[in-house]
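Below you'll find the structure, written out as structure tokens, and then a few comments.
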Amino acid sequence: MVKKTFKIIETLWAIIFSKAFLYFSLVMLFVLIIVAACGARYIFKDLPPVYEMEEYTPALTTKVFDSKGLLIHEFSIEKRMMVPLEEIPVDIQNAVIAMEDRDFFNHPGISLKGIARAIIYDVLTGRAKQGGSTLTQQLSRGIFLTKEKKIIRKIREIILALQIEHSFSKQEVLQLYLNEIYLGEGAYGVKAAATKYFDKDLSDINLSEAAMIVGVIPAPSRYNPFANPERALERRQLVLAVMKDQGYITQEEMDAANAFPLPEKRPAQKNKPGLYFIEHVRKYLEAKYGMDVLWKAGLNIYTTVDIEKQALAEDIINKKMHELDAKIAKGLGIEIEEFSEDPTAAEEEDTEAKPLADPLNYPKLQASFMARDIKTGAVRVMVGGRDYEESRYNRATQARRQPGSSFKPFVWMAALQKNYTPATLVKDLPTMFYFDGKNWHAFDDEEDQYSLELASQSFVSSKNFSVWAPINMGGRTSGWITLRSALEKSKNLVAVNLIDAIGIQSVISTSRKAGIKSKLAPVPALALGVSAITLEEQLAAMSTFANNGISVENYYVDRVEDPNGKILEQHIPSEREAFSPQDSFLLINMMKGVVQRGTGGAARRLGRPIAGKTGTSQNHRDMWFVGMTPQTGAAAWMGYDDDTSQKEGRWTGGGTVAPWWTDIMEHVLKDEEVTDFTIPPGISYVYINPTTGKLAQPTDKDKFLEAFKAGTEPKSF
């Protein structure tokens, strides 16, 4: 037996020291080294350098401020707000350490017990489990790694955690963790969670609320108090019990916190004003900076809007449109619910709202409104419709509507540039135009309707000709009247006779100089506002007249800053001289008369100098009012999105829009000094006879003090 044993040993010894075995061993060792190297390379190849965490910037919230610095909106993919550790309540810090990593301040970034426990579980279950992670491991996973549950990711997580602990203090790690962790409801970080769950600032969070926030960390959906209140309550009780066992709180504090009720429903989404304005700003900035920068870079956007005045304007428009809807509905035998300034009132009273009519048969009135600074172009108020959530179509900037007679000031300005004066007599007489296939022409020297009808007979039956016969509102004519009187009374016949006399292209050129950008049809009816334009451009163009002929475009953003306060862009004023100060003043002075004696009389209620113009489009589809002080210009529109006519009600801009325009402007102008438009050099005043346009006789009782460019005053009586 002994011999046999020695024989076996001798044989094994020979094999071990044989060349073949040595060669095989070397090959296997080389293979093991290669495998180990490849494995290490695979593990380390996707590991980012930990120093990147020093510059790590999670997706931040971009904040939007109004002209007075009030926060009015936020853009964010993730609801996240970064705060320093000293601003995070101690109860939250203690609760996180108690529940997630009680040895946080003692371990080197990993817990050997936790890792061993996780490995045993993984081996027994055959799958990777996320348990056993320290706060540092959770942080490394959240910042640098994917969420896939693989063993290789766990190894990388451990390596990163060790590196993080070597490079950063415990306080730095805890601060970033509390700002990074996902806590449900779209909230990243404890500050965002305080807002989402309790509508509170982080500094106001109590012990009970801190425990609930920390309790959702393992499974935000499972422990959501709104979706699963019983589980959320049990989880909060557990957090408080663990905090008590670890000495962070007393029995009395735990009992008091447990008695505190959980939030039963999500904080109400406030019906924030200015959403049309904010959307307009979003489109501009997203196109300029890109979606990632706007939504993730934590910009600070300082805008021109005055959110207080914006909110008042929206409330007034909603109330007035509802009143008009009810008035129309009553005429159709339809009853609609009463207007409530509190949209939740009906819900709170648990009353059944009266049904609205079929929207196909009964469309809702819509409205838009804008107010801006005359000198700078800063837009203070923008209302694009009655309800942003119901319709995001911005009727102030996107909708092109016929301005009707509110376009006439461009015709009058073109006339002033052709040496007309406010006292020039113009024709308020019947006229007719025909189209020869290329251009429109007026019938010559036919001043009564009967003669015009006779003259047009030869054209009516021809397929190659079209005939158009404009009329005044109400059908009445005044013969020859002054340019001023024609504007105050919004005479259609004067407008078309003027555009025929001074040239359509002259009016188009004037409109362009003022700021109209939309396509303008080269037809006589242009004088009556048949070419559709936006309210935004109408306001900018009309403001040119109030700004001494200086054109300044509307703007909405004062400046944009990055999170560190670096200015990325700042509004730079840009002015363009469009008209002379003298012509601009003469037009504004006539437009003041529209309010004082004409169709815009509703605005007299403001008790200050207002230059304005009403507008009503064909078949009463669009109603307008544009009015200006020396400091502020505002434009308003009302109508139906589907172009429904209000011909039956004979609605007009002066009768329907000017009143609620005035209601809004009472608030917009409340802090504005009452001043009149500045008289530029080169303007003289003389008394004229308002009927003849000539110098007034001493005995004239209705003489009128009219403004002229020096040297153009009438010379005879």
Side-chain angles (χ1 to χ4, degrees), residues 405 408-431 442 444-445 447 472 476-503 506-507 510 514 527 545-546 548-549 578-601 609-613 628 630 676-717:
S405 293
K408 287 175 181 172
F410 303 109
V411 182
W412 264 243
M413 173 56 82
L416 290 171
Q417 293 184 301
K418 296 285 187 179
N419 297 319
Y420 283 66
T421 76
T424 300
L425 292 180
V426 288
K427 288 195 300 184
D428 181 27
L429 294 166
T431 190
D444 294 329
D445 300 324
E447 297 184 356
N472 285 330
R476 293 186 298 272
T477 61
S478 304
W480 291 82
I481 61 175
T482 62
L483 194 66
R484 166 185 285 280
S485 181
L487 186 63
E488 291 178 357
K489 297 175 182 177
S490 198
K491 292 287 191 175
N492 290 343
L493 289 174
V494 171
V496 295
N497 281 318
L498 266 180
I499 200 171
D500 181 56
I502 62 180
S506 175
V507 172
T510 297
F545 304 139
N548 300 310
F579 311 108
S580 72
Q582 293 75 25
D583 283 336
S584 299
F585 176 77
L586 293 183
L587 180 58
I588 283 293
N589 199 37
M590 287 189 281
M591 290 174 67
K592 284 170 60 179
V594 173
V595 174
Q596 294 165 351
R597 292 171 297 279
T599 57
I610 299 285
K613 187 67 191 78
M628 295 159 285
D676 206 343
F677 294 89
T678 303
I679 304 172
I683 294 293
S684 65
Y685 281 86
V686 297
Y687 280 101
I688 66 165
N689 183 306
T691 301
T692 65
K694 296 181 178 182
L695 292 174
Q697 298 279 2
T699 57
D700 286 345
K701 294 182 179 179
D702 58 349
K703 58 186 176 183
F704 182 83
L705 186 62
E706 186 58 272
F708 297 88
K709 285 188 289 188
T712 67
E713 309 91 336
K715 301 297 189 292
S716 61
F717 294 97

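The main-chain N or O of T699 is never found under 3.5 Å from a side-chain atom of K701 such that the two would form a donor-acceptor pair. The backbone N or O of K491 sits nowhere less than 3.5 Å from a side-chain atom of N472 that would complete a donor-acceptor pair. D700 contributes no side-chain N or O that, together with a main-chain N or O of K703, makes up a donor-acceptor pair within less than 3.5 Å. For Q582 (side chain) and P681 (main-chain N/O), a donor-acceptor pair under 3.5 Å exists by modelled atom type.
Distance check: W412 CH2 to I499 CD1 gives 10.0 Å after rounding to the nearest 0.5 Å. Interatomic distance, I481 CD1 to L487 CG, rounded to the nearest 0.5 Å: 10.0 Å. Interatomic distance, S684 OG to E706 CD, rounded to the nearest 0.5 Å: 10.0 Å. Interatomic distance, F545 CZ to I588 CD1, rounded to the nearest 0.5 Å: 8.0 Å.
A415 and L498 make their closest contact through CB-CD2, 4.1 Å (heavy atoms, listed as atom of the first residue, atom of the second, distance). Across R484 and R597, no two heavy atoms sit closer than the pair NH1-NH2, 3.2 Å. Considering every non-hydrogen atom in both P609 and F677, the closest pair reads O-CE1, 4.3 Å. Closest approach of T482 to P422, counting heavy atoms only: CB-O, 3.5 Å. Of all heavy-atom pairs between V594 and G612, the closest is CB-O, 3.3 Å. Taking all atoms of both residues into account, the shortest heavy-atom contact from T477 to P430 is CG2-CD, 4.2 Å.
A 4.5 Å side-chain heavy-atom check between M413 and D583 finds at least one atom pair inside the cut-off. Put simply, the side chain of Q417 does not reach to within 4.5 Å of the side chain of I502, judged on heavy atoms. Side-chain contact check for N589 versus I679: every heavy-atom pair is 4.5 Å or farther apart. Inter-residue side-chain proximity for I683 and L586 is flagged as met; some heavy-atom pair is nearer than 4.5 Å. Between T424 and T421 the shortest side-chain heavy-atom distance falls below 4.5 Å. A heavy-atom distance below 4.5 Å is found between the side chains of W480 and K427. Using a 4.5 Å heavy-atom cutoff, the side chains of F704 and T691 are not in contact. By the 4.5 Å heavy-atom criterion applied to side chains, V686 and L695 are counted as neighbours.
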Exercise for the section: Start with the C-alpha distance between N492 and K408, add both sets of side-chain angles, then the distance that settles side chain to side chain contact (heavy atoms under 4.5 Å, CB included), and finish with yes or no. Expected result: CA-CA 9 Å; N492 290 343; K408 287 175 181 172; 2.7 Å; yes

Exercise for the section: Take N419 and K709, measure what side chain to side chain donor-acceptor pair (under 3.5 Å) needs, and give me the verdict at the end. Expected result: CA-CA 10 Å; N419 297 319; K709 285 188 289 188; 4.7 Å; no

Practice task
Take L587 and F579, measure what side chain to side chain contact (heavy atoms under 4.5 Å, CB included) needs, and give me the verdict at the end.
Solution key: CA-CA 11 Å; L587 180 58; F579 311 108; over 6 Å; no

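Within 6.0 Å of atom OH in Y687, 12 or fewer heavy atoms from other residues, nucleotides or ligands are found, so the atom counts as exposed in its surroundings.
Checking K613 against S490 by side-chain atom types alone, a donor-acceptor pair falls below 3.5 Å.
The residues D428 and K489 are annotated as not salt-bridged, no charged nitrogen and carboxylate oxygen being separated by less than 4.0 angstrom.
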